[in-house]
Amino acid sequence: MAAPHRDIVRIARSPRRGSVAGLAGLLLAALCLALLLLQEHKSFIGVPVPTHSKSQSAISCLEKRYEDNAQIEESQRTYKGLTLDGDRLTEKILAEFYAETISGDGGMPGGFIKDLVLRSYFGRKFDLKMMPVLSRDYTGPNHQPGEADYKLALKNFQEEAKSGEHFLGSNDNMGWIWLGAKQRANGLWLYMDRAPPYGERALAIMKADNIDEFFEKVDWHMLFVRLYKPNLWGGKAKKFPYPIKGRPDYR
């Protein structure tokens, strides 16, 4: 097999003398030949070809992100928690669902749930449909969220759960407050109501007569896991792709 640099030299000889194109081709061929010989020399003596440090950092970040995603997918496959069936929301099932919800230590949530609480309850503003309105009046450096903002959002969340002022308006009279996640055009939002969030993601339930127990013992990771579970279908919500038009009538 002929050496690759011979082909480069052959190509360089083809242009006619005195032409600008010929001179440019000769220079390009010489540069390619030098790079090729350098590459072969580095490979032969076992020295790695140097790369830009920033490129290496970016690759490392991407690799870490892929590893994190793989871990999340693995946790989803191995998780064996309770999955609700909208047609079988019995007292026993809901009691088990609640026990699973309060299997933690409460306190400040972490990760994505922490950000979800912030965007849903930091400003404590709601539209006519009782859905949260985004506020960016953060007090951290460069107008970014600070720890005080996260604490305020959690406090507002607790007060909203106790007051019920901005619940969606349904009530099945079962004594539970449901925390749901609604996908809207501007992202994912939390909301609360006194009836199951049919057609959407049911993240948690609280005892209407003991809200403090939820915040003292909640396992926030369970809420994150439930974001990946199927939406809650059943009951009066059997029409696909969206269960009902307007609010369900439990009265």
Side-chain angles (χ1 to χ4, degrees), residues 65-104 106 109-121 129-132 157 160-161 166-208 214-215 217-250:
R65 184 178 300 175
Y66 294 149
E67 291 175 0
D68 292 343
N69 289 341
Q71 291 175 2
I72 291 174
E73 291 172 1
E74 180 64 25
S75 68
Q76 292 171 19
R77 286 194 296 268
T78 58
Y79 172 68
K80 303 298 183 183
L82 183 64
T83 298
L84 294 180
D85 181 350
D87 288 322
R88 297 179 58 226
L89 297 180
T90 63
E91 277 298 323
K92 180 182 178 182
I93 294 295
L94 293 181
E96 292 177 8
F97 187 70
Y98 180 69
E100 196 177 62
T101 303
I102 60 169
S103 59
F112 183 69
I113 297 297
K114 182 178 182 179
D115 289 329
L116 204 52
V117 170
L118 178 76
R119 77 191 314 257
S120 300
Y121 293 104
K129 296 182 179 180
M130 299 302 169
M131 288 300 297
F157 180 22
E160 286 294 332
H166 296 102
F167 289 179
L168 293 195
S170 300
N171 191 347
D172 62 1
N173 297 308
M174 297 294 290
W176 297 104
I177 294 174
W178 290 78
L179 177 66
K182 179 187 285 288
Q183 183 69 51
R184 305 173 74 188
N186 59 346
L188 196 64
W189 297 84
L190 299 177
Y191 69 94
M192 287 180 282
D193 208 1
R194 293 185 178 88
Y198 287 120
E200 293 172 351
R201 293 175 239 193
L203 301 188
I205 54 177
M206 314 173 197
K207 290 180 178 178
F214 171 84
F215 288 99
K217 300 180 180 180
V218 60
D219 182 355
W220 295 110
H221 180 67
M222 287 301 306
L223 275 65
F224 177 75
V225 170
R226 289 168 183 170
L227 279 173
Y228 292 91
K229 284 184 169 290
N231 288 6
L232 182 64
W233 297 99
K236 295 174 184 269
K238 297 181 179 179
K239 192 174 180 181
F240 191 83
Y242 195 76
I244 44 183
K245 184 176 181 180
R247 298 175 180 172
D249 184 11
Y250 294 101

Return the set of residues passing side chain to side chain contact (heavy atoms under 4.5 Å, CB included) with [X] (not counting sequence neighbours), or none when no residue passes.
X      : value
Asp115 : Tyr150
Arg201 : Ala181, Gln183, Leu188, Leu203, Leu227, Asn231
Ile102 : Tyr98, Glu213, Lys217

[X] [atom1] to [Y] [atom2] distance, which is reported to the nearest 0.5 Å:
X      : Y      : atom1 : atom2 : value
Trp178 : Ser170 : CH2   : OG    : 13.0 Å
Glu160 : Met130 : CD    : CE    : 10.0 Å
Ser120 : Phe157 : OG    : CZ    : 8.5 Å
Leu84  : Leu94  : CG    : CG    : 7.0 Å

Mind listing the closest non-hydrogen atom pair of [X] and [Y] along with its distance?
X      : Y      : answer
Ala161 : Phe167 : O-CZ, 3.6 Å
Ile177 : Ala208 : CD1-CA, 4.0 Å
Ala202 : Leu232 : CB-CD2, 4.4 Å
Leu179 : Met192 : CD1-CG, 3.8 Å
Asp172 : Pro196 : OD2-CD, 3.3 Å

| When you measure from the side chain of Glu100 to the backbone N and O of Leu82, does any donor-acceptor pair fall under 3.5 Å? |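 Present.
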| said: Quick one, Leu89 with Trp176, criterion side-chain contact (heavy atoms from CB on, under 4.5 Å). Give me CA distance, side-chain angles, the key distance, then yes/no. | reply: CA-CA 12 Å; Leu89 297 180; Trp176 297 104; over 6 Å; no
| Step by step, would you call Phe112 with Phe224 a side-chain contact (heavy atoms from CB on, under 4.5 Å)? | CA-CA 7 Å; Phe112 183 69; Phe224 177 75; 4.0 Å; yes
| field | Contacts of type side-chain hydrogen bond (donor to acceptor under 3.5 Å, both in side chains), residue Trp220, not counting sequence neighbours | value |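 Once residues adjacent in sequence are excluded, Trp220 has no partner under the side-chain hydrogen bond (donor to acceptor under 3.5 Å, both in side chains) criterion.
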| request: Tell me, please, which residues at least two apart from Thr101 pass side-chain hydrogen bond (donor to acceptor under 3.5 Å, both in side chains). | output: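 Partners of Thr101 by the side-chain hydrogen bond (donor to acceptor under 3.5 Å, both in side chains) criterion, ordered by chain and then number, come out as Arg226.
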| field | Phe97: ring-ring contact (aromatic ring centres under 6.0 Å, His included) partners, not counting sequence neighbours | value |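 So Phe97 forms no ring-ring contact (aromatic ring centres under 6.0 Å, His included) with any residue.
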| task | Test the Arg119-Trp189 pair against the cation-pi criterion, namely NZ or CZ under 6.0 angstrom from the six-membered ring centroid and within 45° of the ring axis. | result |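 Because its charged atom sits under 6.0 Å from the ring centre and within 45° of the axis, Arg119 does stack over Trp189.
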| query | Pairs in or reaching into residues 90-99: which pass salt bridge (charged side-chain N to carboxylate O under 4.0 Å, His left out), with residues at least two apart or in two chains? | reply |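 Salt bridge (charged side-chain N to carboxylate O under 4.0 Å, His left out) check on residues 90-99 returns no pairs.
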